[in-house]
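Computed over heavy atoms, backbone and side chain alike; hydrogens, waters and symmetry mates excluded.
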Amino acid sequence: MSHIMLPLRVLRRVSLVLLILNSGAVWMAQAAPVVLPGVGQGARHVIDVSHEPWRLLGRVQTELGARCTGFMVAPSVIMTAAHCLWRAEVANFIQPSSVHFMLGYDTGSWRATARAVRFVIASAYDPFHPLRTSQADRATVILDHPLVTTRELLPIVTAVPGDSAMLAGYQQDRKELAMGDLACHVIRVRGQLVDHDCAATRGVSGAPLLVQKDGKWGIAGIDVTAREGLGGTAVGFASESVSDETVRTK
(Lines give C-alpha, C1' and ligand atoms only; values in the text may rest on other atoms or scores of the structure.)
Protein backbone atom coordinates (compact mmCIF):
# COMPACT_ATOMS: atom_id res chain seq x y z
CA MET A 1 0.00 0.00 0.00
CA SER A 2 1.36 3.41 -0.96
CA HIS A 3 1.41 6.31 1.47
CA ILE A 4 0.78 9.97 0.69
CA MET A 5 3.40 12.18 2.31
CA LEU A 6 2.20 15.65 3.38
CA PRO A 7 4.36 18.59 4.42
CA LEU A 8 4.58 19.13 8.18
CA ARG A 9 2.78 22.49 8.01
CA VAL A 10 -0.16 20.84 6.21
CA LEU A 11 -0.30 18.06 8.78
CA ARG A 12 -0.41 20.66 11.54
CA ARG A 13 -3.32 22.44 9.86
CA VAL A 14 -5.21 19.18 9.38
CA SER A 15 -4.65 18.27 13.02
CA LEU A 16 -5.92 21.69 14.15
CA VAL A 17 -9.07 21.39 12.04
CA LEU A 18 -9.75 17.91 13.39
CA LEU A 19 -9.24 19.17 16.95
CA ILE A 20 -11.70 22.04 16.41
CA LEU A 21 -14.29 19.77 14.81
CA ASN A 22 -13.92 17.22 17.57
CA SER A 23 -14.21 19.88 20.28
CA GLY A 24 -17.36 21.19 18.61
CA ALA A 25 -18.87 17.72 18.53
CA VAL A 26 -18.14 17.24 22.23
CA TRP A 27 -19.65 20.66 23.04
CA MET A 28 -22.77 19.86 21.02
CA ALA A 29 -23.13 16.52 22.77
CA GLN A 30 -22.79 18.10 26.23
CA ALA A 31 -24.86 21.26 25.61
CA ALA A 32 -28.07 21.25 27.64
CA PRO A 33 -31.31 21.51 25.65
CA VAL A 34 -33.06 24.87 25.78
CA VAL A 35 -36.08 24.66 28.08
CA LEU A 36 -38.59 27.48 27.78
CA PRO A 37 -40.04 28.80 31.06
CA GLY A 38 -43.35 27.21 31.93
CA VAL A 39 -42.95 24.25 29.58
CA GLY A 40 -40.65 21.80 31.35
CA GLN A 41 -41.46 18.33 30.04
CA GLY A 42 -45.13 19.12 29.53
CA ALA A 43 -46.96 18.17 26.35
CA ARG A 44 -48.38 20.87 24.05
CA HIS A 45 -50.64 20.25 21.08
CA VAL A 46 -51.92 22.30 18.16
CA ILE A 47 -55.37 23.66 19.03
CA ASP A 48 -58.27 23.86 16.58
CA VAL A 49 -59.54 27.38 17.25
CA SER A 50 -62.63 26.77 15.11
CA HIS A 51 -64.09 24.33 17.65
CA GLU A 52 -65.36 24.64 21.22
CA PRO A 53 -64.17 25.53 23.74
CA TRP A 54 -61.47 27.44 21.83
CA ARG A 55 -63.64 29.54 19.50
CA LEU A 56 -63.28 32.47 21.93
CA LEU A 57 -59.47 32.50 21.53
CA GLY A 58 -57.54 35.02 19.44
CA ARG A 59 -54.28 36.89 19.05
CA VAL A 60 -53.80 40.36 20.50
CA GLN A 61 -51.42 42.36 18.34
CA THR A 62 -50.26 45.95 18.44
CA GLU A 63 -49.04 48.13 15.59
CA LEU A 64 -45.65 48.13 17.31
CA GLY A 65 -45.33 44.37 16.83
CA ALA A 66 -46.12 43.12 20.34
CA ARG A 67 -48.17 39.90 20.50
CA CYS A 68 -50.14 38.19 23.24
CA THR A 69 -53.25 36.06 23.58
CA GLY A 70 -56.77 37.22 24.40
CA PHE A 71 -60.29 35.82 24.60
CA MET A 72 -63.89 36.97 24.24
CA VAL A 73 -65.97 37.65 27.37
CA ALA A 74 -68.76 39.60 25.66
CA PRO A 75 -69.75 40.14 22.01
CA SER A 76 -67.45 43.18 21.70
CA VAL A 77 -65.16 42.74 24.75
CA ILE A 78 -61.99 40.70 25.21
CA MET A 79 -59.66 40.18 28.14
CA THR A 80 -55.90 39.86 28.14
CA ALA A 81 -52.95 40.49 30.45
CA ALA A 82 -52.32 44.14 31.34
CA HIS A 83 -48.57 43.79 30.81
CA CYS A 84 -49.25 43.05 27.13
CA LEU A 85 -50.43 46.65 26.68
CA TRP A 86 -47.51 48.31 28.47
CA ARG A 87 -44.71 50.06 26.55
CA ALA A 88 -41.62 49.95 28.75
CA GLU A 89 -39.56 52.15 26.41
CA VAL A 90 -41.89 55.13 26.98
CA ALA A 91 -43.18 54.06 30.41
CA ASN A 92 -46.83 54.21 29.37
CA PHE A 93 -49.66 52.06 28.08
CA ILE A 94 -50.09 51.78 24.36
CA GLN A 95 -52.85 53.77 22.63
CA PRO A 96 -56.03 51.67 22.40
CA SER A 97 -56.43 52.42 18.69
CA SER A 98 -53.21 50.52 17.93
CA VAL A 99 -54.48 47.29 19.53
CA HIS A 100 -55.98 44.68 17.17
CA PHE A 101 -57.69 41.43 18.08
CA MET A 102 -57.78 38.57 15.57
CA LEU A 103 -60.35 35.99 16.58
CA GLY A 104 -59.43 32.42 15.66
CA TYR A 105 -55.98 33.35 14.34
CA ASP A 106 -54.28 30.47 12.54
CA THR A 107 -51.22 30.82 10.29
CA GLY A 108 -52.05 34.24 8.90
CA SER A 109 -55.83 33.92 8.71
CA TRP A 110 -58.64 34.60 11.18
CA ARG A 111 -62.42 34.37 11.46
CA ALA A 112 -62.92 38.01 12.45
CA THR A 113 -60.92 41.03 13.55
CA ALA A 114 -61.58 44.28 15.40
CA ARG A 115 -59.71 47.28 16.76
CA ALA A 116 -59.79 48.44 20.39
CA VAL A 117 -61.52 51.71 21.24
CA ARG A 118 -60.56 51.71 24.90
CA PHE A 119 -59.32 49.40 27.61
CA VAL A 120 -59.59 49.10 31.36
CA ILE A 121 -56.60 48.23 33.55
CA ALA A 122 -57.16 46.96 37.08
CA SER A 123 -56.34 49.81 39.45
CA ALA A 124 -54.09 47.62 41.62
CA TYR A 125 -51.78 46.74 38.74
CA ASP A 126 -48.42 48.55 38.77
CA PRO A 127 -46.52 48.10 35.48
CA PHE A 128 -43.31 49.20 37.20
CA HIS A 129 -43.69 46.25 39.63
CA PRO A 130 -45.48 43.61 37.53
CA LEU A 131 -44.60 40.57 39.64
CA ARG A 132 -45.47 42.28 42.91
CA THR A 133 -48.90 43.23 41.53
CA SER A 134 -49.48 40.20 39.29
CA GLN A 135 -52.78 39.50 41.06
CA ALA A 136 -54.18 42.52 39.14
CA ASP A 137 -52.44 41.88 35.80
CA ARG A 138 -55.58 41.98 33.68
CA ALA A 139 -57.03 44.24 31.02
CA THR A 140 -60.56 44.50 29.66
CA VAL A 141 -60.50 45.64 26.04
CA ILE A 142 -63.56 47.14 24.36
CA LEU A 143 -63.64 46.52 20.59
CA ASP A 144 -65.11 48.72 17.88
CA HIS A 145 -67.70 46.09 16.89
CA PRO A 146 -69.02 42.69 18.07
CA LEU A 147 -67.27 39.51 16.95
CA VAL A 148 -69.39 36.80 18.61
CA THR A 149 -72.85 36.23 20.02
CA THR A 150 -73.57 35.71 23.71
CA ARG A 151 -74.38 32.01 23.20
CA GLU A 152 -70.79 31.43 22.01
CA LEU A 153 -69.29 32.62 25.30
CA LEU A 154 -68.05 30.40 28.12
CA PRO A 155 -69.12 30.89 31.75
CA ILE A 156 -66.83 32.39 34.37
CA VAL A 157 -66.06 29.85 37.11
CA THR A 158 -64.04 29.66 40.31
CA ALA A 159 -61.03 27.35 40.38
CA VAL A 160 -60.20 25.05 43.27
CA PRO A 161 -57.10 22.85 43.71
CA GLY A 162 -57.37 19.61 41.77
CA ASP A 163 -59.61 20.96 39.00
CA SER A 164 -58.90 19.56 35.54
CA ALA A 165 -57.57 22.42 33.42
CA MET A 166 -56.51 23.42 29.90
CA LEU A 167 -54.44 26.34 28.66
CA ALA A 168 -53.70 27.41 25.07
CA GLY A 169 -52.32 30.49 23.34
CA TYR A 170 -49.92 31.90 20.76
CA GLN A 171 -46.57 30.99 22.27
CA GLN A 172 -43.19 32.44 21.36
CA ASP A 173 -41.87 29.27 19.73
CA ARG A 174 -45.02 28.69 17.62
CA LYS A 175 -46.41 32.19 17.09
CA GLU A 176 -48.60 31.34 14.10
CA LEU A 177 -50.55 28.54 15.77
CA ALA A 178 -52.47 28.19 19.00
CA MET A 179 -50.67 25.60 21.13
CA GLY A 180 -52.03 24.17 24.34
CA ASP A 181 -51.82 21.70 27.18
CA LEU A 182 -55.12 19.80 27.31
CA ALA A 183 -54.47 17.66 30.38
CA CYS A 184 -53.26 19.77 33.29
CA HIS A 185 -54.56 20.79 36.71
CA VAL A 186 -55.05 23.61 39.18
CA ILE A 187 -52.36 23.22 41.85
CA ARG A 188 -53.38 25.87 44.40
CA VAL A 189 -55.30 29.10 44.77
CA ARG A 190 -53.71 32.10 46.53
CA GLY A 191 -56.30 34.83 46.75
CA GLN A 192 -56.72 36.07 43.16
CA LEU A 193 -53.82 33.92 41.89
CA VAL A 194 -54.40 30.45 40.46
CA ASP A 195 -51.30 28.26 40.14
CA HIS A 196 -51.42 25.49 37.54
CA ASP A 197 -49.11 22.89 35.98
CA CYS A 198 -50.12 23.58 32.36
CA ALA A 199 -47.26 23.63 29.86
CA ALA A 200 -47.06 27.10 28.29
CA THR A 201 -44.50 29.85 27.75
CA ARG A 202 -44.19 33.51 26.77
CA GLY A 203 -46.88 34.66 24.36
CA VAL A 204 -49.62 32.74 26.16
CA SER A 205 -50.04 35.73 28.49
CA GLY A 206 -53.67 36.80 28.37
CA ALA A 207 -54.97 33.33 27.51
CA PRO A 208 -57.93 31.87 29.40
CA LEU A 209 -57.23 29.18 31.97
CA LEU A 210 -60.10 26.74 31.43
CA VAL A 211 -61.27 24.42 34.20
CA GLN A 212 -63.89 21.71 34.11
CA LYS A 213 -66.99 21.93 36.27
CA ASP A 214 -69.68 19.23 36.08
CA GLY A 215 -68.31 18.05 32.75
CA LYS A 216 -68.34 21.54 31.17
CA TRP A 217 -65.51 24.00 30.57
CA GLY A 218 -65.45 27.48 32.04
CA ILE A 219 -62.96 30.35 32.35
CA ALA A 220 -61.19 30.46 35.72
CA GLY A 221 -58.60 33.15 35.02
CA ILE A 222 -56.18 34.99 32.74
CA ASP A 223 -52.71 33.50 32.40
CA VAL A 224 -49.98 36.00 33.31
CA THR A 225 -46.73 34.28 34.34
CA ALA A 226 -44.69 31.16 33.58
CA ARG A 227 -42.48 29.45 36.13
CA GLU A 228 -38.94 28.33 35.40
CA GLY A 229 -40.12 24.75 35.35
CA LEU A 230 -43.53 23.43 34.37
CA GLY A 231 -46.64 25.55 34.79
CA GLY A 232 -47.48 29.12 35.69
CA THR A 233 -50.05 31.41 37.28
CA ALA A 234 -53.34 32.90 36.18
CA VAL A 235 -55.31 35.79 37.64
CA GLY A 236 -58.82 34.95 38.78
CA PHE A 237 -61.71 37.29 38.10
CA ALA A 238 -62.31 39.98 40.70
CA SER A 239 -65.66 41.46 41.65
CA GLU A 240 -64.53 45.08 41.40
CA SER A 241 -66.45 47.11 38.87
CA VAL A 242 -65.19 49.17 35.97
CA SER A 243 -65.79 52.33 37.96
CA ASP A 244 -63.15 51.15 40.43
CA GLU A 245 -60.57 50.72 37.67
CA THR A 246 -58.44 53.00 35.52
CA VAL A 247 -59.84 53.60 32.05
CA ARG A 248 -57.40 54.25 29.19
CA THR A 249 -59.04 55.98 26.23
CA LYS A 250 -57.91 57.57 22.97
*Worked check of salt bridge (Lys or Arg N to Asp or Glu O under 4.0 Å) between D195 and R188*: CA-CA 5 Å; D195 296 328; R188 57 185 166 271; 2.9 Å; yes

Within a strict 4.5 Å, meaning less than it, do heavy atoms of the [X] and [Y] side chains meet?
X    : Y    : answer
F119 : I121 : yes
T201 : R44  : yes
V186 : V194 : yes
R174 : V46  : yes
L143 : V117 : no
Y125 : P130 : yes

List, one per line, each side-chain donor-acceptor pair under 3.5 Å for residues 81-89, sequence neighbours excluded.
residue	atom	partner	partner atom	Å
H83	ND1	D137	OD2	2.7
H83	NE2	S205	OG	3.1
R87	NE	E89	OE2	3.1
R87	NH2	E89	OE2	3.4

Verify, without hydrogens or angle tests, whether [X] (side chain) and [Y] (backbone) share a donor-acceptor contact under 3.5 angstrom.
X    : Y    : result
T113 : F101 : yes
R111 : L147 : no
D223 : L209 : no
Q171 : M179 : yes
Q212 : S164 : no
R227 : H196 : yes

Closest non-hydrogen atom pair between [X] and [Y], with its separation:
X    : Y    : value
D181 : A199 : OD2-N, 2.9 Å
V49  : A178 : CG1-CB, 3.7 Å
A200 : A226 : O-CB, 4.0 Å
P53  : L154 : O-CD1, 3.6 Å
C198 : L167 : CB-CB, 3.8 Å
C184 : D197 : CB-OD1, 3.1 Å

*Could you walk me through whether I219 and L153 pass side-chain contact (heavy atoms from CB on, under 4.5 Å), step by step?*
CA-CA 10 Å; I219 304 170; L153 302 172; over 6 Å; no

*Is it true that E176 and R59 make a salt bridge, defined as a side-chain N closer than 4.0 Å to a carboxylate O?*
yes

*Salt bridge D126-R132, side-chain N to carboxylate O under 4.0 Å*: no

Scan the side chains in residues 63-79 for donor-acceptor partners under 3.5 Å anywhere in the protein, sequence neighbours excluded, and list what turns up.
residue	atom	partner	partner atom	Å
E63	OE2	H100	NE2	3.3
E63	OE2	R115	NH1	3.0
T69	OG1	Y170	N	3.0
T69	OG1	G203	O	2.8

*Do we see a donor-acceptor contact under 3.5 Å between the side chains of Q95 and S98?*
no

*Might you work through the side-chain contact (heavy atoms from CB on, under 4.5 Å) test for S134 and L193, ending with a clear yes or no?*
CA-CA 8 Å; S134 60; L193 298 177; 4.0 Å; yes

*So T149 and R151, side-chain contact (heavy atoms from CB on, under 4.5 Å) or not? Walk me through it.*
CA-CA 5 Å; T149 62; R151 65 175 176 269; 3.3 Å; yes

*Can you check side-chain contact (heavy atoms from CB on, under 4.5 Å) on R55 and V148, steps first, answer last?*
CA-CA 9 Å; R55 285 181 59 83; V148 298; over 6 Å; no

_Surrounding CZ of R202 (heavy atoms of other residues, nucleotides or ligands, distance under 6.0 Å), is the total greater than 12?_
no

*Please name all residues satisfying side chain to side chain contact (heavy atoms under 4.5 Å, CB included) with K213, sequence neighbours left out, ordered by chain then number.*
V157, V160, D163, V211

